[in-house]
A.B. asks: 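Here you go, one structure.
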There are 2 protein chains.
Amino acid sequence: MVKKVSLKDIALKIGVSTALVSYVLSGNEEKGRVGKETAEKIRQVAKELNYQPNHIAKSLKTGKTNTIGLIVADISNPFFASIARAVEDESGKYGLTTIIGSSDESPEKLKNLVEVFIKRQVDGFIISPPDHSEETIEYIISLGIPICLIDRHFDHVKSSYVVTDNKESMQKAVSHLLGMGYKNLAFIAYNSTLQHMKDREQGFLDATSEIYSQVYKINFSKQHDELASTIEVILNEQKADAIVFATNTLSVAGLKYLTQHKVKIPQDLNVMCFDFSEVYDFFYHPIIHVKQPIEQLAKESVTILFNQMKEEHLQQLVLNSELITKTRVMV
Amino acid sequence: MVKKVSLKDIALKIGVSTALVSYVLSGNEEKGRVGKETAEKIRQVAKELNYQPNHIAKSLKTGKTNTIGLIVADISNPFFASIARAVEDESGKYGLTTIIGSSDESPEKLKNLVEVFIKRQVDGFIISPPDHSEETIEYIISLGIPICLIDRHFDHVKSSYVVTDNKESMQKAVSHLLGMGYKNLAFIAYNSTLQHMKDREQGFLDATSEIYSQVYKINFSKQHDELASTIEVILNEQKADAIVFATNTLSVAGLKYLTQHKVKIPQDLNVMCFDFSEVYDFFYHPIIHVKQPIEQLAKESVTILFNQMKEEHLQQLVLNSELITKTRVMV
DNA sequence: ACAATTAGCTTAATCGATTAAAGCAAATTT
DNA sequence: AAATTTGCTTTAATCGATTAAGCTAATTGT
């Protein structure tokens, strides 16, 4: 391992103090009132020796690590993977490094991850919180650590967040379905107290006040079985003409179930999905879905967090989503 | 922000030196030869004050950050997202934190990421290297930084790695196709000098020596157009009865193209894919594919890297994959 | 001409933990 | 009784950068 060049090496070589070198290289010449020639010389030698500042020493002194913690439900879920990718790219632009964790929708796991990340002294958090994790979020806030929630938030927790306009998106999307002539809708969502889930449900209810519809909620932990039995009920008892799925996992799992049970979409039953999935491209007919602005969500969350790390102000952002009714054209 | 508790606070409270506290809390009692009572007292007060050691100070002193850098082609690609998830989980068990980067298959981006991560003083790397990135890998090695390649490696670069037995997997899989009666095969791979790609091609060639077959290579950067035209050629000119795809991106993109062009699988043409994808579940007939042991690859890479961080020895590991010929049963 | 300012640079403390070396009793050996 | 060992603990240097405070000589003001 080659020995690292430190401020001291530069200082020694030129014959000045490390203080001067620090002033110049951290861009505080005026503050240190460094002479022009000396400054030039320092910069030159620094380049010559290929000086790389030691992040860790800097962190120890300044208390800032320039690292942020991103915690999502599951990084192997394409939705969150896309968020992670965009957060990673965006935070890089600000000189921030991102460490990632998956909560598996468990408040306990979230708490553990948060503790690990705090020990690592992250400067801020971007979190897509699981159900019943208010305490941990409030704990972070109480420590004065900047945080920006993403995709989900708690109405009664005072924090920054970036979310989609879930209620309006859902309402518009379902209205579109009604406009197509469907009259007996089923809505499948997770059993959750999270605001985004409640909003999506409300959007569905607002849009379906004049027709027959049913809302089904399934538990995240037993979703496989419950989804299957729910769809059975919808097909055999409710005899709905379209199903609205509230999330991307539900959408994909639902489509899979329908496909494997030879239910033709949209002939036998139509669907309305939330979030984009690659699998939509494998249907001959377009899968109507609400496309959240994932990249924008991620980028804005980084920006909001970054601002919050400098100044002390919260920001809430609600972004519009897009209703996709046609298959992308294959060029 | 609540003031952090340091060694000093504990020392002060008890009336001992910070050295003693450090010895006890870092588990070096014997080394410091600390008295039993004192040690107990220190532990007690540490718990009382909820002492959390300062990672950064420790890193500065020890030169170890307990952080590893994971660089894959694209974290939003499900294959790499799964790897990332498993690496994250596994490294957590060793007390390591993972920072992730996406190279987008570009050697320049890789180099930049590596530089950023080195500045961050990661203790080691797990990298799925893009084509033509030998230099950067060798650079890391020359710095004495532990590294374990994953999924891909360079035959002529002396490093640790964990890969699948690409040649054998492919050979077995293609033989299976032949056993099913297919006699005119097409192989679609990326144009790449990476060993795993060459191995997969060799596996294909070894298996098809007795029948008619064609190998097509497309460029990663123009894959969309080239894949389309290649499949056209396969369908219209070669008139192959089955296509073998060399990677998961090719598999999914190929299936998508075939589906959208109403090519029935397996009636009109069968396929053999590499890696699992969620989209396979949307076909009525099973999609034959080679399933790499993703989790195991990831776990082993962490273990190998961890060992390498302690002792100075390289390790190469080749794992077996599984040939999937049936659809998973939906319970 | 003499005080006040300013430009240019250094000193030294600090962040928090680690660890070799040294100190000092008490206990043991010679 | 002197010498050595053992047990327990402290001292102090160190990792590398930051930054308030201090110092000196040159410059400016009146």
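Chain letters run A, B, ... following the sequence lines, proteins first, then strands; residues in each count from 1.
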A.B. asks: Rounded to whole angstrom units, what separation is found between the CG atom of Leu12(B) and the P atom of dT10(D)?
C.D. replies: 12 Å
A.B. asks: What contact category does Val16(B) fall into here, base, sugar-phosphate, or nothing, at under 4.0 angstrom with non-hydrogen atoms?
C.D. replies: sugar-phosphate
A.B. asks: Using five base pairs at each end, measure the axis-to-axis angle across the helix from dA1(C)-dT30(D) to dT30(C)-dA1(D) and round it to 10 degrees.
C.D. replies: 50°
A.B. asks: Using whole Å, what does the distance between atom C1' of nucleotide dC9(C) and atom CD1 of Ile14(A) come to?
C.D. replies: 13 Å
A.B. asks: Should the pair Lys310(A)-Asp123(A) be classified as a salt bridge under the 4.0 Å nitrogen-to-oxygen rule?
C.D. replies: no
A.B. asks: Between dC15(C) atom P and Asp9(B) atom CG, what is the distance in whole Å?
C.D. replies: 10 Å
A.B. asks: Rounded to the nearest angstrom, tell me the gap between atom CG in Leu49(A) and atom P in dG16(D).
C.D. replies: 15 Å
A.B. asks: For Ile42(A) and dG8(C), give me the distance from atom CD1 to atom P, rounded to whole Å.
C.D. replies: 13 Å
A.B. asks: Taking atom types as modelled and ignoring hydrogens, do the side chains of Ser76(A) and Ser82(B) form a donor-acceptor contact shorter than 3.5 angstrom?
C.D. replies: no
A.B. asks: Which nucleotide wins on minimum distance to the side chain of Ser17(A), given the candidates dT10(C), dA17(C), dC15(D)?
C.D. replies: dT10(C)
A.B. asks: Between the side chains of Glu312(B) and Gln308(B), does any donor sit under 3.5 Å from an acceptor?
C.D. replies: no
A.B. asks: Mind checking what makes salt bridge (charged side-chain N to carboxylate O under 4.0 Å, His left out) contact with Asp131(B), not counting sequence neighbours?
C.D. replies: none
A.B. asks: Sequence neighbours excluded, which residues qualify as ring pair (Phe, Tyr, Trp, His ring centres under 6.0 Å) partners of Phe79(A)?
C.D. replies: none
A.B. asks: Holding to ring pair (Phe, Tyr, Trp, His ring centres under 6.0 Å), I want the full list of residues that pass it with Phe154(A), two or more places apart in sequence or in another chain.
C.D. replies: none
A.B. asks: So Ser59(A), base contact, sugar-phosphate only, or nothing? Heavy-atom distance under 4.0 Å.
C.D. replies: nothing
A.B. asks: Can you check the Ile10(A) CD1 to dG16(D) P distance for me, whole Å?
C.D. replies: 13 Å
A.B. asks: Strictly under 3.5 Å: I want the nitrogen or oxygen pairs between protein and nucleotides 18-20 of chain D, one per line.
C.D. replies:
residue	atom	partner	partner atom	Å
dT18(D)	OP2	Ser22(A)	OG	2.9
dA20(D)	N7	Tyr23(A)	OH	3.3
dA20(D)	N6	Tyr23(A)	OH	3.3

A.B. asks: So, is Ser6(A) near the phosphate of dC15(D), with a side-chain N or O under 4.0 Å from OP1 or OP2?
C.D. replies: no
A.B. asks: Does a side-chain N-to-carboxylate-O contact under 4.0 Å join Asp9(A) and Lys13(A)?
C.D. replies: no
A.B. asks: Which word best sums up how the rings of Tyr94(B) and Phe306(B) line up, parallel for under 30°, tilted for 30 to 60°, or perpendicular for over 60°?
C.D. replies: tilted
A.B. asks: Atom CD of Gln121(B) to atom C1' of dA17(D): distance rounded to whole Å?
C.D. replies: 12 Å
A.B. asks: Using whole Å, what does the distance between atom P of nucleotide dA17(D) and atom NE2 of His55(A) come to?
C.D. replies: 11 Å
A.B. asks: State which residues pass ring pair (Phe, Tyr, Trp, His ring centres under 6.0 Å) with Tyr51(A); sequence neighbours excluded, sorted by chain then number.
C.D. replies: none
